[in-house]
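This is a predicted model, so every value here is computed, not measured. Within every chain, numbering begins at 1; the chains are lettered A, B, ... in the order of the sequence lines, protein sequences first and strands thereafter.
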Amino acid sequence: MAYVPLADQDDAHALHDPQSFVTKYIWSQDHKVIAIQYGGVAIFVGLIALGLSIIMRLQLGFPDTVSFIDPAFYYQAVTMHGMIMVIYLLTALFLGGFGNYLIPLMCGTRDMVFPFLNMLSFWFYLLSVLVLLASFFIPGGPTGAGWTLYAPQSISMGTPGYEGGILFMLISLAIFIVAFTMGGLNYVTTILQARTRGLTLMRLPLSIWGIFTATVLGLFAFPALLVSAIMLGFDLVLGTSFFMPAMMELGEQSSYDGGSPILFQHLFWFFGHPEVYIVALPAFGLVSDVISTHARKNIFGYRMMVWAIIAIGGLSFMVWAHHMYVSGMNPYFGFFFATTTLIIAVPTALKVYNWVLTLWQGNIRLNTPMLFAIGFIFTFVHGGLTGLFLGNVIIDIPLADTYFVVAHFHMVMGVSPVLVLFAALYHWYPKVTGRMFNETLGKVHFWCTFLGTYAIYLPMHYLGFLGMPRRYFEMGSTDFVPASAQALNANITLAAIFVAVAQILFFVNIFWSLRKGDKASGNPWGATTLEWQTPDTPPKHGSWGDELPSVYRWAYDYSVPGHKEDFIPQNEPGEEYEKTHHTSGGHA
Amino acid sequence: MSLYQDVTNKPWDQVGLPDGIESKPVFAVSNERLALTVFMIIASVVFSLLVVSYYIRMNIGDWVPMSIPTQVWLNTALLVLSSVFMQGAVFVSHKQLSVSLYSGAGLLFGIGGLFAIAFVAGQYQVWGLLADTGQGIRSNPANSFFYLLTSVHVAHLGGGLWVWSKSAIRLTHAATSDHFHQTFSLCAVYWHFLLIVWIGLFLLLANT
């Protein structure tokens, strides 16, 4: 008999649970286990990146105090921190973690359509992480070229990691892209083809729209990174000159000739800018669902939110060169890319308005997930507004390569997505584990993180205005940066250490609650979406017991007038509701 | 409900099962076919970006157009044959109740894959030939791109050959034709895609 993927099996088909420890937890093809595997590895590697950021901050706040931080190690820490956070933590956790967990559950299917490919995706991801981390243990250590890996710097003698770290990085990225492609094909196909009966596209929760669009972006954007990695690898290993110009290397003429460093930047940022939205769009989706659920209100402007996600996704491929205003590219490009950058702010701002309007007159529950979600709105608006400054050529030129830029991108794609990650981790924790977390500890964690990150990044804007350049190992004495700036830098470092230490609260909470937390009901938040309607919590293999759910309504029926409860699950049939709904004239 | 109706309706106004009790995929194709289509779009992006890079690098000034060895024509013929045999397997499998590697559609499928392996071997030979005549990968950016484009193309064909080899091994035992019809069909589509990509790359390399 032909193999039928779990997602395509009909209701009556017997479910064969994996029995052994190995098939259940190691070589698992169950999307929920794969999601946890992805999440665990991503958070682990994210903690390493967090540690690296503290090493950087120690050097910046207290120069020459820590003996083992030399310039090479500092640049290696900068590089690995950036790359790990953007690719191996945020992309992997949003799409590999939440994508895997939520897509089949929210779509009412039993699993991804290609479970074996899904399992391979995780193991390739793990391999990419291991290759990346292995570079710490090879002669010369990991690359210190900066996370953008700009040629010719990245493969020139003298750059930390030239001996092997850069090659490990390129190989790791290539493996990651293979892993992402395998996962991405699964996400896209499952969402388009395997939704349960009644679940039309416009009934999908915004989490799925965000994950879906981000996956499509990833599938189209990662090829640019792959191409640039392959060509850079050719230049490094085989001595071609795709990106490498003629230049002197440690006092000698290099063998390279005629290559174009700007070409590398174009390829890199053709991936790099959509990457911002590969991280942001799932965050937009997840936070929309958290806000709507805990405000007990339907999301404001659902269709507008969907189209905004799609518009942002499309436009994200037309703004890449706003990262390159000072690169030496044709200056006329700047006008075009500044314009598209301003245009992409429109759908993004619409989303912010809609989140705020969802909160407006809602029955807001200020619990831990909601606090993180509201915190996200603050940091995202903050980071978004500074983006408008940097998107304009004339303002970007004096601010480029200063701490203003560091502050901007950390607020908009560091802190903001991480706050959503925490909102989502707390929000779905009861479903994943079957236990409630400790609210008090969660709230303390929020305030420490939220206020702490402001203590880190607000002063950085000011340092940027002063003209303090980023990427410098130490400032030395300058005319334009006063000595008092160093006091600010020391304070930023203390705040960074405080925020890093505060994350212990999160881990204590989730591990303690795993054993000691109150047992969670199947739907503790009173949420409408399908994942909260599973017969078991945590959901068992196959998720839905004997019968797949049917979907009768959209994902945001909260506080419907005339209904006895303040939410109606998507799988609740609606004769009674239909009458009250139409007599009350609708609610949206 | 059509895709247009779906994305234009007001979901908050509707309660019930708009498509009846059957779940409704967006595209009326198998999951595997959709995934392959998406993958081919991704591969097209890879090749498009390489071609754009090719044009940008070509205009820098040190570009010397290379002469393409005659053997590349022969290799191209092998890839065409490979594609033809794959398509033949699809046609013949319609008329068979069971297939095996040793006759009919299975045999055509097997030979199609062997021609693709011959193409890969031929490309490898061309790389050696070029290197022996002083047109190695570092000799000129045009040559560098020849090696780059051909190797990325071969890598994509390698992925197809991996699937082909798994299916060929399974075909050593006879099976129902229904079971393999989709495999043949998907392989043929991918083979045609890579043939078209190769012809495009060949034209580019030969004319610039």
*Test side chain to side chain donor-acceptor pair (under 3.5 Å) applied to A:Y302 and A:W307, A:Y556, A:W209, A:W554, the passing residue*: A:W209
*Residues of residues 44-52 of chain B with any heavy atom under 4.5 Å of a heavy atom in chain A*: B:V45, B:V46, B:L49, B:L50
*What residue in B:S53, B:P141, B:S139 has the most heavy-atom pairs under 4.5 Å with chain A?*
B:S53
*If you count heavy-atom pairs under 4.5 Å between each of B:I137, B:L148, B:V38 and chain A, which one has the most?*
B:L148
_Salt bridge or not between B:D62 and B:R57? Use side-chain N to carboxylate O under 4.0 Å._
yes
What part of [X] is in contact with chain B, defined as an atom under 4.5 angstrom from a non-hydrogen atom: side chain, backbone, both or neither?
X: A:L201; result: both
X: A:F243; result: neither
X: A:V551; result: backbone
X: A:T181; result: side chain
X: A:F220; result: both
X: A:T196; result: backbone
X: A:L263; result: side chain

_Quick check on the interface: out of A:L192, A:T240, A:V306, who has the most heavy-atom pairs with chain B under 4.5 Å?_
A:L192
*Mind ranking A:G184, A:G108, A:A555, A:G259 by heavy-atom pairs under 4.5 Å with chain B and telling me who comes out on top?*
A:G259
*asked:* A side-chain contact here means heavy atoms from C-beta on lying under 4.5 Å apart; do A:W320 and A:F271 qualify?
replied: no
*asked:* I want to check something: taking the side chain as every heavy atom from C-beta on, are A:P245 and A:P261 in contact at a cut-off of under 4.5 Å?
replied: yes
_Interchain contact, B:I56 with chain A, by part (heavy-atom threshold 4.5 Å)_ = side chain
*Against chain A, label B:I60 side chain, backbone, both or neither, depending on which of its atoms sit under 4.5 Å from a heavy atom there.*
side chain
Assess, by modelled atom type and distance only, whether the side chains of [X] and [Y] contain a donor and an acceptor separated by less than 3.5 Å.
X: B:T208; Y: B:Y54; result: yes
X: B:Q182; Y: B:S30; result: yes
X: A:T189; Y: B:N31; result: no
X: A:S316; Y: A:H273; result: no

_What verdict does the ring pair (Phe, Tyr, Trp, His ring centres under 6.0 Å) test give for B:F85 and B:F109, after you've listed the backbone C-alpha separation in whole Å, the side-chain angles of each residue and the deciding distance to 0.1 Å?_
CA-CA 6 Å; B:F85 273 86; B:F109 180 72; over 10 Å; no
*Non-neighbouring partners of A:Y552 that pass ring-ring contact (aromatic ring centres under 6.0 Å, His included), sequence neighbours left out*: none
*Does the ring of B:W162 carry B:K166 above it, NZ/CZ under 6.0 angstrom from centre and within 45° of its axis?*
yes
*May I ask you to check whether over 12 heavy atoms, not counting those of A:R303, lie within 6.0 Å of atom CZ?*
yes
